[in-house]
Amino acid sequence: MNRQDSAAAVNQEEWQQFLKDYLDDVHRYGVDQGYERIWPFWKEGKIRESLFWRQWQRWEDQLQERGAVTTAVHGRAIPLFWMEKGREIQLCMSWNVQRWYTLKGESIVEEAERILRVILNRADGGWHVDHIEEIKGDGALSDETKETLSTLEEPEDNLLPTLFVHGAGGYNSGRAIAYAERYWNTANPAYPLFTDNCTNFISQCLHAGGIPMLFSREQGKGWWMRGSGKGANWSYSWTVAHSLYLLLKSGRPPMRAVAVPSVEQLEPGDIICYDFNGDGRFQHNTIVVAKDANNMPLVNANTTNSRLRYWDYRDSTAYTPQIRYAFFRIRGT
């Protein structure tokens with residue numbers, strides 16, 4: 001290794017250690033609210049402009065309003081790829097966060113996997129955070145982001161398909177929940193995997209719970225998935241959030257869903273649809289897998305892979321104050 005290569009390696013170790021130190025203190029902040037330790041990591045004033053930081057604060061506010069007390073926050077960050085531009089590092093990073101909290105004596109762990117775009121700058125002998133954003137959020141992704149992430153979306157070669165054979169027993173919410181727990185953060189190779197995978201994931205959960213596919217030759221009809229990999233084909237209702245919402249709202253087969261006015265009426269195995277902008281078009285779906293001590297739903301989801309996440313998504317990058325929800329009890333065939 002020549003001197004230039006050695007210097008580059010040292011610089012890489014420096015910014016990676018800086019990033020680790022920053023995330024460690026973000027996790028500590030989640031427990032003790034020690035905001036003062038976060039400030040020095042950022043370029044002056046930049047933290048006030050950060051949507052990512054406001055998203056984290058909404059998560060904190062959400063927990064406080066529920067009466068929850070955070071006891072621990074842990075995470076694992078993996079730089080996926082990066083580019084050096086002079087004194088600047090631009091990188092894409094996977095960040096898995098686990099937050100333990102108690103609510104009315106019950107201990108709960110909430111987990112999320114996020115894909116972040118981070119810009120670090122080196123000045124005055126040290127590194128600073130210039131920008132952080134979540135690029136694999138709960139809403140629809142831009143074409144540019146889809147292209148960037150396309151190489152990250154292939155299932156691992158050692159995963160084997162899990163297939164389900166259904167009888168005529170109707171909807172088994174326990175099986176749907178078990179599937180949501182098994183595949184919330186890993187792909188089932190029996191199905192295609194999409195960059196915007198939230199509705200494909202929910203359809204798989206419903207199917208695992210015993211909802212039979214309703215086939216049609218037209219993508220705009222029925223609820224179905226044929227094949228896998230590049231040869232697969234599917235209905236819009238299987239893969240598009242708004243199309244699944246319309247099917248659920250109709251109450252027609254194969255789900256025979258029933259809309260309810262209150263989130264407290266949902267039970268594990270039921271579905272929540274999200275219209276982040278309040279414009280009447282729904283962009284996201286989740287499945288209820290548990291309820292907290294306040295009788296409020298906790299959900300699993302893709303595209304930001306989430307487990308036991310609080311249902312209202314105020315911590316999401318896609319959240320707006322105009323958000324609307326639709327709540328569906330699943331009756332089955």
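Given the structure is predicted, the values throughout are model-derived calculations rather than measurements. Position 1 is the first residue of the sequence, and the numbers go up from there.
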Any non-hydrogen side-chain atom of [X] less than 4.5 Å from a side-chain atom of [Y]?
X      : Y      : value
Thr286 : Trp311 : no
Tyr191 : Phe201 : no
Leu298 : Tyr310 : yes
Arg87  : Asn121 : no
Gln33  : Gln64  : yes
Arg307 : Val109 : yes
Arg182 : Thr186 : yes
Thr71  : Thr102 : yes

In terms of side-chain geometry, is the basic nitrogen of [X] or [Y] positioned less than 4.0 Å from the acidic oxygen of its partner?
X      : Y      : answer
Asp25  : Arg28  : yes
Asp32  : Arg37  : yes
Glu113 : Arg76  : no
Glu134 : Arg114 : yes
Asp270 : Arg331 : no

Is it possible for you to say whether [X] and [Y] belong to one hydrophobic cluster, with membership spreading through side-chain heavy-atom contacts below 4.5 Å?
X      : Y      : answer
Met83  : Leu120 : no
Phe328 : Tyr325 : yes
Trp39  : Val118 : yes
Tyr245 : Leu214 : no

Rounded to the nearest 0.5 Å, what separates atom [atom1] in [X] from atom [atom2] in [Y]?
X      : Y      : atom1 : atom2 : answer
Gln55  : Asp315 : CD    : CG    : 6.0 Å
Asp24  : Gln17  : CG    : CD    : 8.0 Å
Arg99  : Leu63  : CZ    : CG    : 5.0 Å
Met296 : Leu103 : CE    : CG    : 10.5 Å
Ser316 : Arg309 : OG    : CZ    : 5.5 Å
Asn302 : Ile287 : CG    : CD1   : 11.5 Å

Exercise answer: donor-acceptor pairs, residues 90-98 side-chain atoms, under 3.5 Å, sequence neighbours excluded:
{"from": "Gln90", "atom 1": "NE2", "to": "Glu88", "atom 2": "OE2", "distance (Å)": "2.7"}
{"from": "Trp95", "atom 1": "NE1", "to": "His27", "atom 2": "NE2", "distance (Å)": "3.3"}
{"from": "Asn96", "atom 1": "ND2", "to": "Glu111", "atom 2": "OE2", "distance (Å)": "3.2"}
{"from": "Gln98", "atom 1": "NE2", "to": "Glu111", "atom 2": "OE1", "distance (Å)": "3.4"}
{"from": "Gln98", "atom 1": "NE2", "to": "Glu111", "atom 2": "OE2", "distance (Å)": "3.3"}

Item to complete: Among Arg117, Lys43, Lys85, find the residue that satisfies the salt bridge (Lys or Arg N to Asp or Glu O under 4.0 Å) test when tested with Asp130.
Response: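 With Asp130 as partner, Arg117, Lys43, Lys85 yield a single salt bridge (Lys or Arg N to Asp or Glu O under 4.0 Å), made by Lys43.
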Exercise answer: donor-acceptor pairs, residues 258-269 side-chain atoms, under 3.5 Å, sequence neighbours excluded:
{"from": "Ser262", "atom 1": "OG", "to": "Glu264", "atom 2": "N", "distance (Å)": "3.2"}
{"from": "Ser262", "atom 1": "OG", "to": "Glu264", "atom 2": "OE1", "distance (Å)": "2.3"}
{"from": "Gln265", "atom 1": "OE1", "to": "Ser262", "atom 2": "N", "distance (Å)": "3.3"}

How are the rings of [X] and [Y] set to each other: parallel, tilted or perpendicular (split at 30° and 60°)?
X      : Y      : result
Phe18  : Phe41  : tilted
Trp59  : Trp56  : perpendicular
Trp238 : His207 : perpendicular

Specify the closest pair of heavy atoms between [X] and [Y], including all atoms of both residues, with the distance to one decimal.
X      : Y      : value
Ala257 : Ile330 : CB-CD1, 4.0 Å
Ser306 : Thr304 : OG-O, 2.9 Å
His128 : Trp42  : CD2-O, 3.7 Å
Ala290 : Leu308 : CB-CD2, 3.9 Å
Leu247 : Pro254 : CD2-CD, 4.4 Å
Cys273 : Leu248 : SG-CD1, 3.9 Å

Worksheet entry | Verdict with reasoning, Lys46 to Val129, per side chain to side chain contact (heavy atoms under 4.5 Å, CB included) | CA-CA 8 Å; Lys46 285 287 186 177; Val129 179; over 6 Å; no
Worksheet item: For Tyr313, which residues count as a ring pair (Phe, Tyr, Trp, His ring centres under 6.0 Å) partner, sequence neighbours excluded?
Response: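 By the ring pair (Phe, Tyr, Trp, His ring centres under 6.0 Å) rule, Tyr313 matches Tyr274, His284.
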Discussion item. For Thr317 and Glu133: C-alpha separation, side-chain torsions, deciding distance, then whether side chain to side chain contact (heavy atoms under 4.5 Å, CB included) applies.
Written reply: CA-CA 8 Å; Thr317 54; Glu133 65 175 319; over 6 Å; no
Fill in: Centroid-centroid under 6.0 Å between Phe194 and Trp234 rings
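Ring centroids of Phe194 and Trp234 are less than 6.0 Å from each other.
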Worksheet item: Which residues, ordered by chain and number, are linked to Val240 in its hydrophobic cluster, where ILVMFWY side chains connect at heavy-atom gaps below 4.5 Å, directly or through other members?
Response: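 Hydrophobic cluster check, Val240: joined to Tyr236.
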Discussion item. Quick one, Tyr319 with Asp312, criterion side chain to side chain contact (heavy atoms under 4.5 Å, CB included). Give me CA distance, side-chain angles, the key distance, then yes/no.
Written reply: CA-CA 9 Å; Tyr319 173 85; Asp312 71 4; over 6 Å; no
Item to complete: Could you tell me whether the side chain of Thr70 and the main chain of Ala72 form a donor-acceptor pair under 3.5 Å?
Response: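 Not a single qualifying donor-acceptor pair exists.
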Discussion item. Show me the pairs that pass salt bridge (charged side-chain N to carboxylate O under 4.0 Å, His left out) and involve residues 277-301, at least two apart or across chains.
Written reply: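 Matches after skipping sequence neighbours: Arg66-Asp292.
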Would you kindly say whether [X] and [Y] are connected by a side-chain donor-acceptor distance under 3.5 Å?
X      : Y      : value
Thr303 : Asp196 : no
Ser203 : Trp223 : yes
Ser237 : Ser235 : yes
Gln204 : Asn200 : yes

Fill in: Stacked cation flag Arg226 on Trp224, 6.0 angstrom / 45 deg
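Ring-cation test returns yes.
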Discussion item. I'd like to know whether Ile119 forms a side chain to side chain contact (heavy atoms under 4.5 Å, CB included) with Ile89, so could you lay out the CA-CA distance, the side-chain angles of the two residues, the decisive distance to 0.1 Å, and finally the verdict.
Written reply: CA-CA 6 Å; Ile119 299 177; Ile89 300 291; over 6 Å; no
Worksheet entry | Stepwise salt bridge (charged side-chain N to carboxylate O under 4.0 Å, His left out) test for Arg314 and Glu65 | CA-CA 12 Å; Arg314 282 174 54 189; Glu65 290 174 7; 2.7 Å; yes
Worksheet item: Taking only residues two or more places apart in sequence, or in another chain, which ones meet Asn185 in a side chain to side chain donor-acceptor pair (under 3.5 Å)?
Response: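 In terms of side chain to side chain donor-acceptor pair (under 3.5 Å), with neighbours along the sequence ignored, Asn185 is linked to no residue.
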